[in-house]
Amino acid sequence: MYVKLEHIYKNFGGFRASDDVSFSIEKGKLTGLLGPSGSGKTTILRMIAGLEQPDAGDIIIDGVRVNDLPASQRGIGFVFQNYALFRYMTVFDNIAFGLEVQKKDKKFIKERVQELIRLIGLEGMEKRYPHQLSGGQKQRVAFARALAPNPHLLLLDEPFAAIDAKVRKELRSWLRETINKVGITSIFVTHDQDEAIEVADEIIITHQGRVEQKGSPAAIYKNPTTPFAAQFIGQSLILDDYTKLHGFDKTGTYTQAVIRPEFIQLARPGKHLYQNAAEDGIVEDVFFRGNSLEVRVNVKGMRLVAHCSLEEEAFQPDDPVSVLIYRLFLYNHDQVQLVENRMLEDKNPVFI
Amino acid sequence: MKQKLVSSLLIILGAVFIAVMLIVPLCTVLAYALRQGWETFASAIRDPYAIKALRLTLLAAVVTVALNTVFGVFSSWAISKFRFKGRQFLTTLIDIPFAISPVIAGLVFVLVFGRIGWAYSFLQAHHLKVVFAVPGIILATIFVTLPFVSRELIPLMQAQGNEEEEAAALMGAGGFKIYRKITLPHIKWGLLYGIILCTARAMGEFGAVSVVSGHLRGKTNTLPLHIEILFNEFHLTAAFAVSSILVVIAIMILILRNIVEYKGKKAGSEDVR
């Protein structure tokens with residue numbers, strides 16, 4: 001394991017930012033720390049960088065405990081949320097700064113900076129100042145500046161938060177490709193699950209200063225292991241009384257359930273294959289979502305959200321609708337379980 | 001129509017106020033100084049005591065500004081870039097000279113270093129003289145002008161935030177390099193502005209200096225004190241002539257201030273993010 005955190009605790013005044021945080025990261029992986037604001041993800045990143053000191057616990061990088069090592073000697077590149085480019089220096093000087101501090105010779109610095117400027121595709125902009133760059137360009141310069149001294153580990157704090165939506169998508173795939181090309185172990189912080197799922201090899205979900213779950217994006221999406229992960233990932237809705245739904249019985253101590261749009265299929269009344277497993281509902285609202293329709297339906301007083309293809313005839317508000325629910329995540333205060341609709345299992349029709 | 005009347009009335013009121021409060025007094029100083037002709041004016045400002053007073057004023061201003069600049073830069077850096085216990089207290093402490101009457105500031109130094117002060121025997125033993133001597137004047141001036149530089153810098157430094165410095169520190173830059181390459185370029189116009197304000201105040205300081213100086217002509221008289229003495233002795237023309245030196249210096253400082261402010265604003269608008 002390349003980066004390892006063991007039982008890290010950190011308080012700011014009365015606020016517990018890290019509560020027994022332990023995880024490890026493999027060399028060469030791109031890891032996303034995902035969580036809502038205030039969940040302690042940035043604090044974790046800043047402690048790894050050495051910008052904050054943990055109250056207790058060990059931080060180990062490449063087999064060495066770095067707690068007492070000053071930030072500058074940890075071999076870490078850091079990309080700040082607002083880039084923190086040196087505003088009175090040109091793009092060239094920004095990228096060269098770390099190398100100049102290390103007293104590398106001029107020729108080497110020049111070559112290295114040129115190489116990085118090519119990598120980030122900003123040739124010809126060496127003499128510009130940060131205020132003459134767009135958000136995406138600043139982000140790239142910050143990235144190049146962090147990489148210049150050849151760090152072993154790259155940390156990125158909300159790397160896409162300050163960029164507009166269109167550029168953000170491009171930059172995400174660019175960053176992913178570039179990090180793979182450079183082959184550097186990287187950790188980034190985000191509150192945006194789409195971003196984490198798209199960019200990261202591995203996701204660590206944080207909540208109230210604790211690590212909730214760690215795994216590949218697919219595993220986290222399909223098998224959330226904690227109630228928080230189940231609620232946080234996907235477009236999840238919470239149902240207080242899932243037993244009212246056809247095919248779902250009270251199971252163990254599970255009191256509540258999480259439902260996602262992809263668990264639901266809508267059809268015109270009477271058109272469902274499994275008619276007896278379906279619920280009757282009323283369409284409340286229909287929203288155009290670009291590549292699909294988002295339909296809000298009322299089923300027995302519960303409001304559910306489903307997605308519909310644009311190919312089908314669109315539902316209108318107040319239309320009666322047949323709602324088939326395939327599965328739910330049931331949870332209590334510390335467990336999660338995926339359950340399938342019993343009516344679908346029981347009446348397993350035989351197609352031979 | 002009515003609105004126009006009100007607005008012109010307010011403009012006239014403002015103009016009259018400024019004329020009566022600022023322009024007329026300043027003009028009076030110059031007019032009175034030159035009332036008995038150029039010769040009297042020249043002899044008054046060529047008077048050896050006046051020149052000595054001017055020298056002392058400049059000396060006190062230079063020493064004060066130098067020390068307060070160093071203190072201001074350090075204290076504002078500490079206050080804006082670090083979190084420590086007593087930070088708020090220190091901020092309040094720096095503002096004290098603004099809140100306290102200069103006369104009290106002067107008395108404080110007399111009570112500490114003067115004949116009845118607790119440091120007197122120590123000073124006496126080492127043949128040092130503070131009160132009724134130049135060091136006392138400088139001390140009093142430093143006290144009164146202490147907040148100017150840091151008051152200018154703290155908001156600027158707070159607005160800049162810590163991230164650029166953290167980024168530089170992460171790459172291994174030392175404190176001085178960070179200050180020179182990142183902090184200083186950001187604050188330089190504010191710093192210059194603070195220094196100018198501090199200079200203006202240091203040259204004109206009267207109350208605190210009056211208490212500690214002892215009014216020894218040619219020794220501990222600064223220009224403002226010299227003017228008071230002349231005035232009290234009914235050398236009105238001479239008093240106004242010497243005053244005009246201070247007025248001219250003040251106007252020069254104001255012009256300098258405006259240039260700096262203009263340049264600073266221009267630099268500020270260029271780094272809109």
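We name chains A, B, ... by the order of the sequence lines, and we start the count at 1 in each one.
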Inset, instruction - Measure distances from B:Ala169 to the heavy atoms of chain A and classify the residue's part below 4.5 Å as side chain, backbone, both or neither. - result: backbone

Legend entry - B:Phe17 atom CZ, over 12 foreign heavy atoms within 6.0 Å: no

Legend entry - Qualifying residue, where the test is side chain to side chain contact (heavy atoms under 4.5 Å, CB included) with A:Arg168 and the options are A:Lys166, A:Arg172, A:Glu170: A:Arg172

Legend entry - CZ/B:Phe98: more than 12 non-hydrogen atoms of other groups inside 6.0 Å: yes

Legend entry - Enclosure of A:Phe12 CZ (heavy-atom neighbours >12, cutoff 6.0 Å): yes

Legend entry - Closest contact, heavy atoms only, A:Pro149 versus A:Leu99: CA-CD2, 4.0 Å

Legend entry - B:Phe113 ring center near B:Phe122 ring center (under 6.0 Å): no

Legend entry - Residue part contacting chain B, namely of A:Leu85, when any heavy atom lies under 4.5 Å: backbone

Inset, instruction - Counting only heavy atoms closer than 4.5 Å, note whether A:Arg74 contacts chain B via side chain, backbone, both or neither. - result: neither

Inset, instruction - With chain B as the partner chain, list the residues of residues 108-128 of chain A whose heavy atoms fall under 4.5 Å from it, by residue number, and write 'none' if nothing qualifies. - result: none

Legend entry - Shortest non-hydrogen contact from B:Leu156 toward B:His186: O-NE2, 3.5 Å

Inset, instruction - Could you tell me the separation between the CD1 atom of A:Ile179 and the CG atom of A:Asp201, rounded to the nearest 0.5 Å? - result: 9.5 Å

Inset, instruction - Tabulate, in ascending numerical order, the residues of residues 36-54 of chain A having at least one heavy atom closer than 4.5 Å to a heavy atom of chain B, or enter 'none'. - result: A:Arg46, A:Ala49, A:Leu51

Legend entry - Test of ring centre spacing under 6.0 Å for A:Tyr88 and A:Phe86: no

Legend entry - Heavy-atom pair of closest approach, residues A:Asp157 and A:Phe78: CB-CE2, 4.2 Å

Inset, instruction - Looking only at non-hydrogen atoms, find the nearest pair between A:Val21 and A:Ser18 and report the distance. - result: CG2-CB, 4.0 Å

